[in-house]
Enquirer: 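I'd like to ask you about the structure that follows.
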Amino acid sequence: AQKVTQAQTEISVVEKEDVTLDCVYETRDTTYYLFWYKQPPSGELVFLIRRNSFDEQNEISGRYSWNFQKSTSSFNFTITASQVVDSAVYFCALSGGTGRRALTFGSGTRLQVQP
Amino acid sequence: DAGVIQSPRHEVTEMGQEVTLRCKPISGHNSLFWYRQTMMRGLELLIYFNNNVPIDDSGMPEDRFSAKMPNASFSTLKIQPSEPRDSAVYFCASSRPGTENTEAFFGQGTRLTVV
């Protein structure tokens with residue numbers, strides 16, 4: 001069985017602060033895929049990043065960066081110099097085994113960025 | 001490019017009525033997913049199609065729920081009879097083919113209220 005845990009239910013920061021959203025996963029698959037999605041107040045789910053289990057390179061995209069550590073089964077997401085527009089619920093998700101594409105989602109972390 | 005299109009965006013119905021939710025995936029995508037989002041259970045998979053064939057329907061709550069994908073460009077999720085506990089946001093998502101599990105793109109969702 002697969003499981004994704006996002007222990008932080010809600011985080012509140014002031015604009016320009018850095019913030020890290022934690023994600024811990026469990027799977028028995030040797031090949032698996034990790035994802036982050038953003039759900040702004042408007043409600044849609046926006047894809048942010050995909051990682052496969054063989055690629056532990058960290059990734060940076062503008063103010064966003066992701067740290068994947070297989071040794072601790074974690075895939076954390078950092079927003080640098082947060083902005084009010086970053087306010088949203090962020091979901092970490094996992095799919096296991098190539099071809100088994102359905103996502104198991106964490107419970108989400110609500111990020112509020114105050115001006 | 002058109003994204004995943006869901007209709008209706010909002011649906012209010014009375015308990016016992018039949019409800020049909022519709023989804024048009026992104027052209028060229030061959031996997032289609034139906035997810036449900038509630039406060040209590042978060043985001044959970046209902047059913048997953050690959051090449052129009054249901055692959056995993058283990059998340060379909062009970063016989064009142066049924067899903068079809070008659071062709072590559074259309075899917076329906078039907079609830080008959082509807083109950084108040086079915087109130088939720090229902091998301092359809094699609095992903096492109098590939099040797100790896102590709103990211104899913106989500107529609108805007110259908111907010112269903114059963115009174």
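Convention: sequence-line order gives letters A, B, ...; per-chain numbering from 1.
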Enquirer: With the 4.5 Å side-chain cut-off for hydrophobic clustering, are A:Leu94 and A:Leu21 part of the same group?
Expert: yes

Enquirer: Taking A:Arg100's backbone N and O only, do any of them form a donor-acceptor pair with B:Asn101's side chain (distance below 3.5 Å, no angle check)?
Expert: yes

Enquirer: Do you know the tightest heavy-atom contact between B:Gln37 and A:Phe91?
Expert: NE2-CZ, 3.6 Å

Enquirer: Output the option from B:Gly59, B:Ala104, B:Ala93, B:Ser95 having the highest count of non-hydrogen pairs under 4.5 Å with chain A.
Expert: B:Ala104

Enquirer: Following the transitive rule for hydrophobic clusters with a side-chain heavy-atom cut-off under 4.5 Å over Ile, Leu, Val, Met, Phe, Trp and Tyr, establish whether B:Leu112 and B:Met60 coincide in one cluster.
Expert: yes

Enquirer: Name, in order of residue number, those residues of residues 6-33 of chain B that have a heavy atom at a distance of less than 4.5 Å from a heavy atom in chain A; otherwise write 'none'.
Expert: B:Ser31, B:Phe33

Enquirer: What closest approach, in Å, do B:Pro97 and A:Arg101 show between heavy atoms, and which atom pair accounts for it?
Expert: C-NH2, 4.2 Å

Enquirer: Check each atom of B:Glu44 against the heavy atoms of chain A and say whether the ones under 4.5 Å are side chain, backbone, both or neither.
Expert: neither

Enquirer: State yes or no: do A:Phe68 and A:Tyr90 share one hydrophobic cluster built from I, L, V, M, F, W and Y residues joined by side-chain heavy-atom distances below 4.5 Å, directly or via other members?
Expert: yes

Enquirer: Kindly work out whether a path of hydrophobic side-chain contacts (I/L/V/M/F/W/Y, heavy atoms less than 4.5 Å apart) joins B:Phe65 to B:Phe74.
Expert: no

Enquirer: Applying a heavy-atom distance below 4.5 Å, give me the residues of residues 38-63 of chain A that approach chain B, sorted by number.
Expert: A:Gln39, A:Gly43, A:Glu44, A:Leu45, A:Phe47, A:Arg50, A:Asn52

Enquirer: Just verifying a value: how many Å separate B:Glu103 CD and A:Ser95 OG, rounded to the nearest 0.5 Å?
Expert: 10.5 Å

Enquirer: So for atom CG, which belongs to B:Asp63, do other residues, nucleotides or ligands contribute more than 12 heavy atoms lying within a distance under 6.0 Å?
Expert: no

Enquirer: Out of curiosity, does B:Phe106 fall in the hydrophobic cluster containing B:Phe49 (side-chain heavy atoms, cut-off under 4.5 Å, transitive links)?
Expert: no

Enquirer: Counting N and O atoms only, with roles assigned by atom type, does the side chain of B:Tyr48 sit under 3.5 Å from a partner on the main chain of A:Leu103, one being a donor and the other an acceptor?
Expert: no

